[in-house]
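Positions are given from 1 along the sequence.
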Amino acid sequence: MMKSEAETHVGSRVVKRLPLQNVARKRSRLMQALTLGGCAFLLSACEAPLNLSGVEQELDKSVRRTDQIQSLAATEKVQVAVGSNGLVLTRPNAESPWQRQVLEGEPNLIDVEACPDGSLIALSFERQLWMADVNAQQWRRSDIPTPENMLDAECALDGSYWAVGSFSTLMVSRDGGQNWSENSLNEDAMLSSIQFLDRSTGYVTGEFGVVARTDDGGQSWETLDYIPDDFYPQAAHFSSRETGWVVGLDGMILHTRDGGQSWEAESTPVVAPLYGIAQTDSGLFAMGENGTLLIRSDEQWQRLGAPAMPVWLRSAIEQSNGELLVAGGAGTLLSLSVQK
């Protein structure tokens, strides 16, 4: 026999749940009573104004908890941080407050780079390259004509703009973003980094351990031996033609001393994913999940004395005052003094 009421056990009690038809009848009678009786009082209470002061205070801030800051760059005139939803933060120096602007269309900015002439470029996930003046106040857009997803950009020493991404694609503009040329390593892999060391030598790294080098300013690229074990570099840094590092998942950092011909793992004190690597006058740093910040000292990676933060970190630059500026999720912009 079907029961007219259902039972739910909550601790030692049994709570009876009425069938839907009984609930409907009781709700109808309740609404009638409200209409005839104290409805006006209840409705006036429901229409009390919401307290949005906390939201308004957050929106008044130049840096917000909802900001996802992906990349940092610095020139002699300005520091720049970029992130999702068109976010661009600028300030002239470490002692100045950040100024906030949002680019038209709110593109998701994933990289920002300083150019040799002091101007800046920023790459968006929407296949756009944004170019700014030396004060990073006026930005103009160049659409990158490719169906591939772009992940990293570079402003080379000869003034050319580069972007790399899926299907090992390399896009280059040699006329300030007016026209683009496309090349590929013909590998079904995502390129995650590009870096030029001088006007001739540059490296790209990517998925499945792909590494390639140019010695003619990007006119041609030579694919080198793969990084072992299909290692996927989230970021890379080369300090010379022979010496470089790549960082990735599980706290792994690999090091080459022969221009990418071979790689060796370096011990780290973490297993958290690493997303960024940066070289400053204070040292070589790696950043990642759960507020991970490492420094390489005497060929050993050590944790840097930074506050524990449940956020990811992705980018770092050295400021004119000598402090390290680190950026990441939840609006993280952290200045740290580093012992040289």
Side-chain angles (χ1 to χ4, degrees), residues 54 58 61-74 79-85 87-91 94-95 97-98 100 108-113 122 125 151-152 192-193 205 231-237 245-255 265-340:
E58 183 69 15
K61 297 178 180 178
S62 57
V63 183
R64 305 169 187 171
R65 292 190 301 270
T66 54
D67 292 336
Q68 307 301 319
I69 302 174
Q70 298 284 350
S71 185
L72 296 168
Q79 295 179 1
V80 181
V82 302
S84 56
N85 301 315
L87 175 67
V88 177
L89 300 170
T90 59
R91 65 180 183 181
E95 288 71 35
W98 289 99
R100 184 186 189 93
N108 291 293
L109 302 174
I110 56 179
D111 187 29
V112 62
E113 299 289 337
F125 193 71
L151 282 189
D152 196 42
S192 54
S193 75
T205 63
F231 184 80
Y232 190 167
Q234 298 295 303
H237 173 73
W245 292 263
V246 291
V247 302
L249 304 182
D250 300 322
M252 292 190 65
I253 301 178
L254 302 183
H255 178 38
E266 295 192 330
S267 176
T268 70
V270 298
V271 293
L274 299 174
Y275 303 134
I277 185 168
Q279 177 82 57
T280 75
D281 289 341
S282 299
L284 184 64
F285 301 89
M287 299 132 277
E289 197 67 56
N290 300 324
T292 297
L293 184 58
L294 307 177
I295 183 171
R296 190 175 188 266
S297 178
D298 297 327
E299 300 191 356
Q300 299 289 325
W301 289 93
Q302 304 170 2
R303 286 184 181 272
L304 197 64
M309 299 174 291
V311 299
W312 47 263
L313 303 176
R314 189 178 292 275
S315 187
I317 57 172
E318 186 168 36
Q319 305 176 93
S320 57
N321 63 2
E323 292 187 347
L324 187 72
L325 179 65
V326 186
T332 299
L333 284 167
L334 180 67
S335 290
L336 296 170
S337 296
V338 179
Q339 296 294 329
K340 295 184 180 181

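Arg100 places a side-chain N or O within 3.5 Å of a backbone atom of Ser62 that can act as its donor or acceptor partner. A donor-acceptor contact shorter than 3.5 Å links the side chain of Thr268 to the backbone of Gly251. A donor-acceptor pair is defined here as one N or O able to donate and one able to accept, closer than 3.5 Å; such a pair exists between the side chain of Ser71 and the backbone of Val112. Of the possible polar contacts, none joining the Asn290 side chain to the Pro310 backbone as a donor-acceptor pair under 3.5 Å is found.
Considering all non-hydrogen atoms of both residues, Val247 and Phe231 come closest at C-CZ, 3.7 Å. Nearest heavy-atom pair across Asn321 and Ala94 is ND2-CB, 3.4 Å. Heavy-atom minimum distance, Ser192 versus Pro233: OG-O, 2.6 Å. Taking every heavy atom of both residues into account, Ala74 and Ile317 meet most closely at CB-CD1, 3.7 Å. When all heavy atoms are compared, the tightest approach of Ser335 to Gln319 is OG-NE2, 3.2 Å. In plain terms, the two heavy atoms of Leu109 and Gln70 that are nearest each other are O-CG, 3.5 Å.
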Quiz prompt | Stepwise side-chain contact (heavy atoms from CB on, under 4.5 Å) check, Met287 with Thr292 | solution = CA-CA 5 Å; Met287 299 132 277; Thr292 297; over 6 Å; no

Practice problem: Begin from the C-alpha positions of Ile277 and Phe285 and carry the test side-chain contact (heavy atoms from CB on, under 4.5 Å) through to its verdict. | Solution: CA-CA 6 Å; Ile277 185 168; Phe285 301 89; over 6 Å; no

Practice problem: Quick one: do Val80 and Val88 satisfy side-chain contact (heavy atoms from CB on, under 4.5 Å)? Show the steps, please. | Solution: CA-CA 7 Å; Val80 181; Val88 177; 4.2 Å; yes

Quiz prompt | side-chain contact (heavy atoms from CB on, under 4.5 Å) between Val326 and Leu293, intermediate numbers included | solution = CA-CA 9 Å; Val326 186; Leu293 184 58; 4.0 Å; yes

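Trp245 CH2 to Trp301 CH2: the interatomic distance, rounded to the nearest 0.5 Å, is 7.5 Å. Of the inter-residue distances, the one linking Asp152 atom CG with Asp111 atom CG reads 4.5 Å to the nearest 0.5 angstrom. How far CG of Leu333 is from CG of Leu89: 6.5 Å, rounded to the nearest 0.5 Å. Rounded to the nearest 0.5 Å, atoms CD (Gln279) and CG (Leu284) are 5.0 Å apart. Atom CD of Glu289 is separated from atom CG of Leu274 by 10.0 Å, given to the nearest 0.5 angstrom. Residue Leu336 holds its CG atom at 12.0 Å from CD of Glu318, rounded to the nearest 0.5 Å.
A heavy-atom distance below 4.5 Å is not found between the side chains of Gln300 and Glu266. Side-chain contact check for Gln302 versus Leu294: every heavy-atom pair is 4.5 Å or farther apart. Between Leu324 and Thr280 the shortest side-chain heavy-atom distance falls below 4.5 Å. Side chains of Val246 and His255 form no contact here, defined as non-hydrogen atoms less than 4.5 Å apart.
Between Glu323 and Ser337, the side chains place a donor N or O and an acceptor N or O closer than 3.5 Å (distance only, hydrogens not considered).
Comment: Lys61 does not engage Asp67 in a salt bridge, judged by the lack of any side-chain N to carboxylate O separation of less than 4.0 angstrom.
Trp312 carries Arg314 over the face of its six-membered ring, with the cationic atom under 6.0 Å from the centre and within 45° of the normal.
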